[in-house]
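A short write-up of the structure that comes next.
Residue numbering restarts at 1 for every chain, and letters A, B, ... go by the order of the sequence lines.
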There are 2 protein chains.
Amino acid sequence: MVSQDNPPSEPRRARGRPRDWSDKTAQNTIKSLDRAMEVFEFLSEHQGKALTTLATETDQSPATVYRILVTLEGRGLVEFDAVEQLWHIGPRAFVIGARFLRRTSLVERARPVMRRLMEQTGETANLGIERGGQVLFVSQVETEATIRAFFPPGTLSPMHASGIGKALLAEMDDARLQRALAGKTLTAFTPHSITDLNALRADLAQVRARGYAVDAEERNIGMRCIAAPVFDIHQEAVAGISVSGPTSRVGLEDIERLSVAVRAAAADLSATLGG
Amino acid sequence: MVSQDNPPSEPRRARGRPRDWSDKTAQNTIKSLDRAMEVFEFLSEHQGKALTTLATETDQSPATVYRILVTLEGRGLVEFDAVEQLWHIGPRAFVIGARFLRRTSLVERARPVMRRLMEQTGETANLGIERGGQVLFVSQVETEATIRAFFPPGTLSPMHASGIGKALLAEMDDARLQRALAGKTLTAFTPHSITDLNALRADLAQVRARGYAVDAEERNIGMRCIAAPVFDIHQEAVAGISVSGPTSRVGLEDIERLSVAVRAAAADLSATLGG
DNA sequence: AAAGCCGTTTTCACGATATGAAAAATGCAA
DNA sequence: TTGCATTTTTCATATCGTGAAAACGGCTTT
């Protein structure tokens with residue numbers, strides 16, 4: 001299987017000789033590296049795979065996969081569990097990946113704001129950004145309650161079925177909204193999911209009007225989520241902040257109250273970003 | 001019933017033909033892949049590098065580095081910032097790396113670190129977190145000595161009278177410290193317990209300065225304990241690791257020596273958490 | 001404005017090296 | 001034991017990654 005193709009919009013303005021985008025077969029990618037990364041990605045998706053399985057499922061020879069794994073193991077990017085005889089993603093992959101967050105100081109700045117939000121509301125606070133047409137959850141502060149919403153950082157979720165996603169969509173103009181939803185089908189995860197484009201537009205208008213988005217069991221049954229957008233210095237919505245909790249604690253009558261805290265937190269964070 | 005008295009930390013052998021460990025030069029690693037991963041790692045360490053810089057500093061040809069970057073870009077593992085003309089770690093690297101955490105919990109990851117710590121020091125190693133204003137001991141590896149410190153996992157202990165507790169308190173800012181101690185009285189368990197708030201603050205300053213906390217018979221007469229904080233990806237102190245033993249073996253003159261091992265173990269564990 | 005500089009991307013020819021088949025070496029099951 | 005499954009190594013082959021240098025544009029300088 002070949003990797004994802006390049007985003008057609010936003011052409012790169014490189015300094016030197018421009019890239020030949022017409023060549024669809026991506027002539028100057030390194031095949032062996034791409035195949036190795038395919039194994040790497042595949043391994044991350046399916047934790048704990050044996051060599052043979054991995055070779056079969058990525059459609060490569062066991063010898064090649066073996067050498068890829070040994071090479072990556074040398075750098076700690078993958079690990080071999082001697083007891084279970086299985087390969088796993090290694091700690092170094094985590095360390096490297098986590099540095100993605102360091103680029104923008106967003107996550108660091110958000111930390112105290114999120115902690116305060118969690119303490120005020122008693123619910124798990126989340127921070128998410130848009131990446132590749134999906135919501136990427138980059139950070140969270142968990143509630144101390146035993147029943148809690150749990151989004152491991154690094155989780156991806158469709159925009160239309162997430163509070164943060166809708167908060168971000170609501171801030172886009174028509175052209176960007178069009179692009180963001182292009183080719184996407186509004187998948188239903190629960191009976192409450194929004195699957196109709198017009199319904200989504202209507203919801204987004206409401207979100208924009210009141211300043212916060214609600215995910216009422218649209219992604220997971222039994223979970224509600226209230227989100228607000230975070231603006232940077234250019235007044236662009238760069239992230240969303242939310243609280244999420246079980247319907248038992250986050251009732252429909254609690255939404256109004258919680259939204260105040262969420263919007264305040266989002267405004268706080270926006271302020272530290274110059275928004 | 002079959003009684004097994006096998007050494008606890010002996011790794012089971014691999015199923016197939018065993019690896020040839022004698023070959024120091026790691027003959028069956030893929031050179032090109034390793035070089036590519038070097039660029040990948042290097043990029044993660046130094047955010048925002050231009051192609052030429054990257055090529056110079058990893059000592060490879062610009063053409064090669066370019067192809068590596070374009071290949072990784074195709075999978076979202078790296079990103080090119082068109083505005084700044086710089087390469088960065090990409091979101092997919094974060095997504096993949098984050099899956100590392102799903103495999104094991106803090107406790108499981110701490111296990112080998114604690115075992116090594118116990119073997120180095122000869123004393124019982126403990127792992128504790130803060131929960132509801134107290135220290136919760138979640139795991140331990142016991143020494144083989146007959147006289148041993150024993151904390152059943154699940155034990156709760158006040159923060160001010162525990163090495164781990166003080167290591168955690170020392171990392172809090174004033175506001176959090178205030179809240180953590182709010183309404184708590186500094187109960188005396190032994191004549192050595194710290195009962196005065198100012199004395200505690202002074203001790204915490206010392207803890208922060210030298211990087212480890214000492215519980216010198218403050219909770220139990222005849223027991224000393226040396227603890228260091230464990231940091232997660234956000235550089236927040238999420239746990240503490242310690243060794244504890246009887247005063248007969250853990251003399252005041254041993255503290256300095258033991259603290260080295262404890263801090264090393266804490267740093268090790270922090271590293272696998274991304275700290 | 002034109003020319004020069006600089007960094008990026010592509011072309012091209014060469015040979016280093018990645019590759020798969022098969023063999024070797026082990027554990028596990030019968 | 002023998003057989004089967006799985007991992008690791010060997011080896012011959014040609015794929016494909018590599019570096020030098022040229023091509024291309026943006027940016028700066030005259």
Exercise for review: Determine, stepwise, if the pair Leu106(B) / Ile129(B) fulfils side-chain contact (heavy atoms from CB on, under 4.5 Å).
Suggested key: CA-CA 10 Å; Leu106(B) 169 71; Ile129(B) 61 175; 4.0 Å; yes

Check your understanding: According to a strict under-4.0 Å criterion, is Arg35(B) in side-chain N/O contact with OP1 or OP2 of dT18(D)?
Key -> yes

Check your understanding: Judged by modelled atom types alone, do Thr71(B) and Asp34(A) share a side-chain donor-acceptor pair under 3.5 Å?
Key -> no

Exercise for review: For the residue pair Arg201(A) and Leu169(A), establish whether any side-chain heavy-atom pair is separated by less than 4.5 Å.
Suggested key: no

Review point. Can you tell which of dT10(D), dG17(D), dT8(C) lies closest to the side chain of Ala50(B)?
Key: dT8(C)

Check your understanding: Looking at the side chain of Thr52(B), which of dT8(C), dT11(C), dT17(C) is the nearest nucleotide?
Key -> dT8(C)

Practice item. Could you name each residue pair satisfying salt bridge (charged side-chain N to carboxylate O under 4.0 Å, His left out) that touches residues 157-171 of chain A, not counting sequence neighbours? Key: Lys166(A)-Asp203(A), Lys166(A)-Glu218(A)

Exercise for review: Name the nucleic acid region contacted by Ser61(A), choosing base, sugar-phosphate or nothing; use a 4.0 angstrom heavy-atom cut-off, strictly under.
Suggested key: base

Review point. Are OP1 or OP2 of dA18(C) and a side-chain N or O of Ser32(B) less than 4.0 angstrom apart?
Key: yes

Revision key, fill the gap. When Thr53(A) and Ala63(B) are each assigned the nearest nucleotide of DNA chain D, the 5'-most assignment goes to Thr53(A)

Exercise for review: For the residue pair Met37(B) and Leu33(A), establish whether any side-chain heavy-atom pair is separated by less than 4.5 Å.
Suggested key: yes

Point to revise | Length of the CD1-P vector between Ile68(A) and dG17(D), whole Å | key: 12 Å

Practice item. For Asp34(A) and dG17(D), give me the distance from atom CG to atom C1', rounded to whole Å. Key: 14 Å

Review point. For the helix from dA1(C)-dT30(D) to dA30(C)-dT1(D), how many degrees between its two end axes (five pairs per end), to the nearest 10°?
Key: 40°

Practice item. Using whole Å, report how far CD1 of Ile30(A) lies from C1' of dT15(D). Key: 14 Å

Check your understanding: Expressed in angstrom and rounded to an integer, what is the separation of Glu57(B) atom CD from dG7(C) atom P?
Key -> 13 Å

Point to revise | Gap between atoms CG and C1', on Leu69(B) and dT9(C) respectively (whole Å) | key: 13 Å

Review point. Do His46(A) and Leu54(A) have side-chain heavy atoms sitting under 4.5 Å apart?
Key: no

**Study point:** Proximity to the side chain of Thr64(A) - top-ranked nucleotide from dT19(C), dT8(D), dT11(C)
**Key:** dT19(C)

Review point. So, Ser162(A) side chain and Pro158(A) main chain: donor-acceptor pair closer than 3.5 Å or not?
Key: no

Exercise for review: Check every atom of dG17(D), dT8(D), dT19(C) against the side chain of Leu51(A) and return the nucleotide holding the closest atom.
Suggested key: dT8(D)

Check your understanding: How many Å lie between CG on Leu54(B) and C1' on dT9(C), as a whole number?
Key -> 16 Å

**Study point:** Euclidean distance, atom CZ of residue Arg67(A) to atom P of dG20(C) [Å, nearest integer]
**Key:** 8 Å

Point to revise | Candidate nucleotides dT8(C), dT17(C), dT10(C), ranked by approach to the side chain of Tyr66(B) - the nearest | key: dT10(C)

Revision key, fill the gap. In whole angstroms, the gap separating C1' of dT6(D) from CZ of Phe80(A) amounts to 10 Å

